[in-house]
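Note that the coordinates shown come from a computational prediction; the quantities given were computed from them, not determined experimentally. In what follows, every heavy atom counts, from backbone to side chain, and hydrogens, waters and symmetry copies are set aside.
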Amino acid sequence: MSAGDRVFTLTCVVLGCLLLLVHWARQEGAGLEPVEIERLDPAAYNYRVDANSATWVELMLLEGIGEQLARRIVADREQSGPFASVDDLERVRGIGPKTLARIRPGLQCLPPESFEPEETP
């Protein structure tokens with residue numbers, strides 16, 4: 001090896017070691033300050049789903065309703081008609097008093113809107 005090759009190799013090794021040292025220091029958190037995360041209260045995310053018009057996908061947004069139960073709610077609504085109140089959801093297989101109590105805050109039962117075509121001028 002010539003002297004120039006040795007200097008080049010030594011420079012690469014030193015530079016590689018410095019890069020590894022910087023990487024290790026960053027992984028350890030040297031020079032970094034903790035990030036403060038502001039969290040909103042869970043009440044800020046309250047929303048209500050209308051059991052008489054929601055799709056099964058919208059019903060799945062509620063805590064405690066999975067895909068199968070959401071599909072059963074929609075199927076029952078299509079077969080037996082709209083729900084008069086949230087309590088009527090107990091007629092759906094898989095919804096008992098405990099499940100109903102858990103999902104009640106996120107549900108509402110609005111009366112179905114009658115379809116009236118808009119008049120065109």
Side-chain angles (χ1 to χ4, degrees):
M1 254 188 190
S2 69
D5 290 340
R6 281 182 268 169
V7 170
F8 177 75
T9 304
L10 181 62
T11 304
C12 288
V13 169
V14 169
L15 185 60
C17 289
L18 285 174
L19 289 173
L20 283 173
L21 183 63
V22 168
H23 176 70
W24 174 77
R26 297 282 303 198
Q27 292 295 335
E28 292 297 318
L32 299 177
E33 296 181 21
V35 176
E36 294 290 328
I37 299 175
E38 293 182 26
R39 299 198 185 272
L40 297 177
D41 294 332
Y45 299 109
N46 284 344
Y47 59 92
R48 298 186 75 164
V49 176
D50 178 23
N52 286 325
S53 65
T55 65
W56 64 269
V57 176
E58 293 169 327
L59 289 168
M60 282 181 54
L61 295 173
L62 297 175
E63 183 73 29
I65 295 185
E67 180 180 351
Q68 294 301 319
L69 185 55
R71 287 181 183 268
R72 274 191 248 131
I73 292 170
V74 172
D76 183 272
R77 182 181 68 211
E78 290 172 354
Q79 182 180 8
S80 303
F83 302 103
S85 70
V86 175
D87 293 324
D88 284 351
L89 270 94
E90 282 195 62
R91 73 183 189 204
V92 178
R93 185 175 53 88
I95 297 182
K98 288 181 182 179
T99 304
L100 187 60
R102 188 171 58 245
I103 64 176
R104 180 182 301 277
L107 283 174
Q108 62 184 358
C109 290
L110 299 175
E113 296 179 16
S114 59
F115 177 77
E116 294 180 17
E118 294 181 14
E119 294 181 21
T120 55

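Residues Ile73 and Ile95 are in side-chain contact: their nearest non-hydrogen atoms beyond the backbone lie under 4.5 Å apart.
Note that CD1 of Ile65 and CZ of Arg72 are 10.5 Å apart. Values are rounded to the nearest 0.5 Å. In this structure, CG in Asp76 is found 10.0 Å from CD in Glu78, a value given to the nearest 0.5 Å. To the nearest 0.5 Å, atom CG of residue Leu19 and atom CG of residue Leu15 are 4.5 Å apart. The distance from the CZ atom of Phe83 to the CD atom of Gln108 is 14.0 Å, given to the nearest 0.5 Å.
One N or O on the side chain of Glu58 and one on the backbone of Thr55 form a donor-acceptor pair closer than 3.5 Å. Between the Arg104 side chain and the Val86 main chain, no donor and acceptor come within less than 3.5 Å of each other. For the pair Arg77 (side chain) and Ala54 (backbone), a donor-acceptor distance under 3.5 Å is present. Asn52 places a side-chain N or O within 3.5 Å of a backbone atom of Leu110 that can act as its donor or acceptor partner. One N or O on the side chain of Asp88 and one on the backbone of Ala84 form a donor-acceptor pair closer than 3.5 Å.
Closest approach of Leu89 to Cys109, counting heavy atoms only: CD1-SG, 4.2 Å. Scanning both residues, Ala51 and Leu107, for their nearest heavy atoms gives CB-CD2, 4.3 Å. When all heavy atoms of Met60 and Ala70 are compared, the closest pair comes out as CG-CB, 3.8 Å. In plain terms, the two heavy atoms of Glu90 and Gly96 that are nearest each other are OE1-C, 4.3 Å. For the residue pair Met1 and Arg6, the shortest heavy atom distance occurs at O-NH2, 3.4 Å.
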